[in-house]
Amino acid sequence: MPTGQTAFFHQFLRRPRQVAALAPSSPSLGEMMARQLPAQASRVAELGPGTGVFTRCMIDCGIAERDLVLFEINPLFAGDLAARFPQARLHRLPAQELARVEAAPFDAVLSGLPLLSMSADEQAAILGSAFSRLGPDGVFIQFTYGPKSPLRSRVTKGLGLSFTRTRRVWANLPPATVYVFRRPRVRAAAQ
Ligand SMILES: C[S@@+](CC[C@H](N)C(=O)[O-])C[C@H]1O[C@@H](n2cnc3c(N)ncnc32)[C@H](O)[C@@H]1O
């Protein structure tokens with residue numbers, strides 16, 4: 001049976017810092033996240049999928065289930081994801097391990113991680129690992145409930161990232177904004 005709102009809240013009570021939300025994200029936020037995927041995206045990693053709201057939206061947006069790679073450390077959520085998305089590759093590992101266990105490049109990394117409650121070192125480990133496996137046009141997509149970027153400026157500057165953000169999604173509790181982080185494009189050498 002899919003993990004419901006009550007089970008999610010129970011997991012929040014057990015692991016407040018790790019789950020960091022009282023309820024799963026809404027499908028409206030999921031749609032906004034999925035809409036930020038590059039037009040030709042096929043291979044996508046999802047960090048902290050929880051109950052799979054964003055996973056479902058990405059599949060509905062045309063990403064093949066077999067091209068999804070999920071990183072989820074909560075055992076209850078991971079068990080549920082394995083049952084609901086059997087073709088996706090599931091790692092019951094911290095997102096920081098992405099570069100160690102996945103070699104081929106991704107078109108996007110979409111994150112539901114509670115980055116705001118992480119230290120700069122934790123953020124740098126996750127973003128560094130993700131960008132080392134993103135192609136040159138790859139993007140890191142992250143939502144936040146806060147009024148500004150969820151990444152500490154030391155991390156943004158250290159990795160040389162730029163970002164854009166969407167309008168606020170009010171149909172989510174609490175309302176959230178989606179950030180898209182990119183690396184600057186390296187200019188092709190003059191021929
Ligand atoms: C705020 S919940 C978001 C869940 C889901 N994406 C959503 O929006 O409803 C954060 C999720 O990240 C997972 N998580 C936290 N730290 C993690 C880490 N280092 N690696 C992988 N998953 C992590 C939690 O177990 C939880 O499922």
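Each ligand, and each atom within it, is numbered from 1 in the order the structure gives.
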**Q.** Main-chain N/O of I126 paired with S129 side-chain donor or acceptor, under 3.5 Å
**A.** no
(Q) If the threshold is 4.0 Å, N to carboxylate O, is there a salt bridge linking R17 and E122? (A) yes
Q: Taking only Lys NZ, Arg NE, NH1 and NH2, and the carboxylate oxygens of Asp or Glu, determine whether R89 and E65 approach each other closer than 4.0 Å.
A: no
For ligand 1, list all ligand N or O to protein N or O distances below 3.5 Å, rounded to 0.1 Å.
residue  : atom   : partner : partner atom : Å
ligand 1 : 6 (N)  : G48     : O            : 2.9
ligand 1 : 8 (O)  : S25     : OG           : 2.5
ligand 1 : 9 (O)  : S25     : N            : 2.8
ligand 1 : 19 (N) : Q96     : OE1          : 3.2
ligand 1 : 20 (N) : A95     : N            : 2.9
ligand 1 : 25 (O) : E72     : OE2          : 2.6
ligand 1 : 27 (O) : E72     : OE1          : 2.8
ligand 1 : 27 (O) : E72     : OE2          : 3.3

Q) Any donor-acceptor pair under 3.5 Å linking the side chain of R183 with the backbone of F131? A) yes
**Q.** F54 side chain reached by L110 side chain, heavy atoms, under 4.5 Å
**A.** yes
Q: Calculate, to the nearest 0.5 Å, the distance between atoms OG and CG belonging to S28 and N172 respectively.
A: 8.0 Å
